[in-house]
Amino acid sequence: MDDGTQYSIGELARRTGLTVKKIRFYSDRGIVTPADRTPAGYRRYGPDAVVRLALVRTLRELGLGLDVIGRVTNQELTLGQVAAEHAAALNVQISVLRLRQAVLTTAARREPTFEEMERMHRLATLSKTERRRLISEFLDAIFDDGHVMSGGAAVRRSMTPELPDSPTQEQVEAWVELAELSLDPGFRDALRSLVEDHVADLPDGVVTPPRPDVFAVTRERVAAAVKSGISPDSPQADPVVATLTAECALAVGRADDAQLQDWLLHRLESANGPRKDRYFHLLAVINDWPAPEPLAPLIDWSVQALRARAAR
């Protein structure tokens with residue numbers, strides 16, 4: 001309530017913590033107006049000026065421009081409208097900063113060349129459409145028209161990263177690394193060879209999803225042995241290996257014999273590699289999925305176990 005109290009600019013400065021110069025500037029812009037003037041022409045302000053200037057200082061600290069602040073103080077815009085618009089703008093700025101930070105963080109770990117730095121920046125700033133096009137081209141290179149398999153669409157979806165509109169720093173960094181991995185010709189060739197080997201080994205031309213059952217069997221049957229610390233060349237590993245080969249033979253329609261063991265050894269060796277595990281780890285981070293257990297340690301154990309028994 002206005003009780004008739006009036007303040008000089010100096011008194012207003014002491015009450016608000018703003019400088020006399022800044023208050024005069026706001027006054028000249030019409031954001032806060034004097035209630036009266038002394039006979040000598042000095043400005044005098046009412047109590048509402050204290051409230052207005054406190055609001056102006058808060059809005060300036062939040063990054064709003066003077067034009068917007070003027071519209072708020074003149075009641076042309078509500079604080080809610082301004083807050084919503086400014087929050088949306090800040091979200092865009094935060095996304096840009098997060099992308100920049102991801103590139104710089106990744107670069108700090110790698111000591112990249114200028115060309116690598118440029119590529120990381122380009123991958124980090126791709127639009128959603130561009131990201132989808134890049135991944136689609138990567139998956140097309142792995143699963144071509146000659147690899148038409150039942151469930152293929154589901155498999156592609158399971159390998160497709162979807163960076164959210166407001167990604168975390170970790171998700172952005174994971175995207176940059178995964179995108180670089182997807183562009184690596186060697187990585188593409190390794191995955192393509194895995195699919196081709198699987199298709200070639202299918203019995204009677206049966207078509208199945210391109211994630212071979214032998215790997216699912218390996219994960220299921222070997223994980224406990226690895227976790228328990230059983231040595232792959234120990235007698236305790238014998239029943240694990242026997243179950244592994246029997247179930248793999250059943251999965252691919254072969255007899256459980258020495259030839260099957262040689263075939264399985266080849267399949268596991270050709271499929272092994274930390275970069276495949278890394279891809280699925282990064283995929284889980286980007287898509288906010290539970291982190292998958294790495295398959296490479298299980299394949300390593302199985303390969304050693306099969307080799308040990310082949311040498312007996």
Side-chain angles (χ1 to χ4, degrees), residues 139-156 158-159 181 184-281 292-312:
L139 295 175
D140 286 344
I142 298 170
F143 309 117
D144 65 16
D145 293 337
H147 301 149
V148 179
M149 307 172 192
S150 62
V155 173
R156 285 180 67 104
S158 74
M159 294 181 64
L181 193 57
D184 187 320
F187 182 66
R188 292 187 176 198
D189 290 344
L191 289 185
R192 184 179 177 85
S193 295
L194 179 63
V195 173
E196 289 176 343
D197 285 347
H198 175 61
V199 173
D201 288 321
L202 290 173
D204 302 324
V206 176
V207 290
T208 58
R211 294 194 67 177
D213 287 346
V214 294
F215 299 136
V217 172
T218 300
R219 185 186 296 278
E220 182 177 351
R221 296 306 175 193
V222 174
V226 173
K227 186 175 181 180
S228 300
I230 295 175
S231 175
D233 57 359
S234 68
Q236 290 83 0
D238 289 343
V240 179
V241 177
T243 302
L244 173 65
T245 58
E247 294 194 11
C248 286
L250 181 64
V252 296
R254 293 177 177 233
D256 184 6
D257 54 18
Q259 287 186 333
L260 181 281
Q261 293 182 26
D262 289 342
W263 171 86
L264 180 59
L265 180 61
H266 167 74
R267 295 290 288 109
L268 293 175
E269 287 179 326
S270 64
N272 202 10
R275 294 204 299 174
K276 297 184 185 71
D277 276 346
R278 186 62 180 167
Y279 180 91
F280 285 102
H281 170 78
E293 289 293 330
L295 188 58
L298 308 183
I299 293 181
D300 287 339
W301 189 96
S302 301
V303 166
Q304 293 178 47
L306 289 169
R307 283 178 177 168
R309 280 146 189 83
R312 291 178 183 173

Exercise for the section: Using a strict cut-off of less than 4.0 Å between a Lys/Arg side-chain nitrogen and an Asp/Glu carboxylate oxygen, indicate whether Arg307 and Asp233 qualify as a salt bridge. Expected result: no
Handout entry: Minimal non-hydrogen separation, Ala242 against Asp256, with atom names
Key = O-OD2, 4.3 Å
Fill in the blank from the handout: What one should report as the nearest heavy-atom pair of Cys248 and Val217 is SG-CG1, 3.9 Å
Handout entry: Beyond-backbone contact of Pro292 with Asp277, side-chain heavy atoms, under 4.5 angstrom
Key = no
Exercise for the section: Look at Arg219 together with Glu293 and state whether they make a salt bridge at an N to O cut-off of under 4.0 Å. Expected result: no
Practice task
Without swapping roles, check the side chain of Ser193 against the backbone of Ala190 for a donor-acceptor pair under 3.5 Å.
Solution key: no
Practice task
Could you tell me which non-hydrogen atom of Phe187 sits nearest to which non-hydrogen atom of Leu181, and how far apart they are?
Solution key: CD2-O, 3.4 Å
Practice task
State, to 0.1 Å, how close Arg309 and Ala237 come at their nearest heavy-atom pair, and which atoms those are.
Solution key: NH2-CB, 3.4 Å
Problem - Inter-residue atom distance Arg267.CZ - Thr218.OG1, 0.5 Å rounding - result: 10.0 Å
Problem - Value rounded to 0.5 Å, distance of CD in Gln236 from CD1 in Ile230 - result: 6.5 Å
Practice task
Determine the minimum heavy-atom distance between Ala223 and Leu298, stating which atoms define it.
Solution key: CA-CD2, 3.7 Å
Completion exercise
Heavy atoms of Ala141 and Arg188 approach each other most closely as CB-NH1, 3.8 Å
Exercise for the section: Could you walk me through whether Leu191 and Tyr279 pass the side-chain contact (heavy atoms from CB on, under 4.5 Å) test, one step at a time? Expected result: CA-CA 11 Å; Leu191 289 185; Tyr279 180 91; 5.7 Å; no
Handout entry: Gap separating the CZ atom of Phe280 from the CG atom of Leu295, nearest 0.5 angstrom
Key = 9.5 Å
Completion exercise
Taken to the nearest 0.5 Å, the spacing of Leu268 CG from Gln304 CD works out to 12.0 Å
Exercise for the section: Report the distance from atom CG of Leu264 to atom CZ of Arg254, rounding to the nearest 0.5 Å. Expected result: 10.0 Å
Fill in the blank from the handout: Between the CG atom in Leu306 and the CH2 atom in Trp263, the distance rounded to the nearest 0.5 Å is 11.0 Å
Practice task
Could you tell me whether Asp184 and Arg275 make a salt bridge, using a distance below 4.0 angstrom between a side-chain N and a carboxylate O?
Solution key: yes
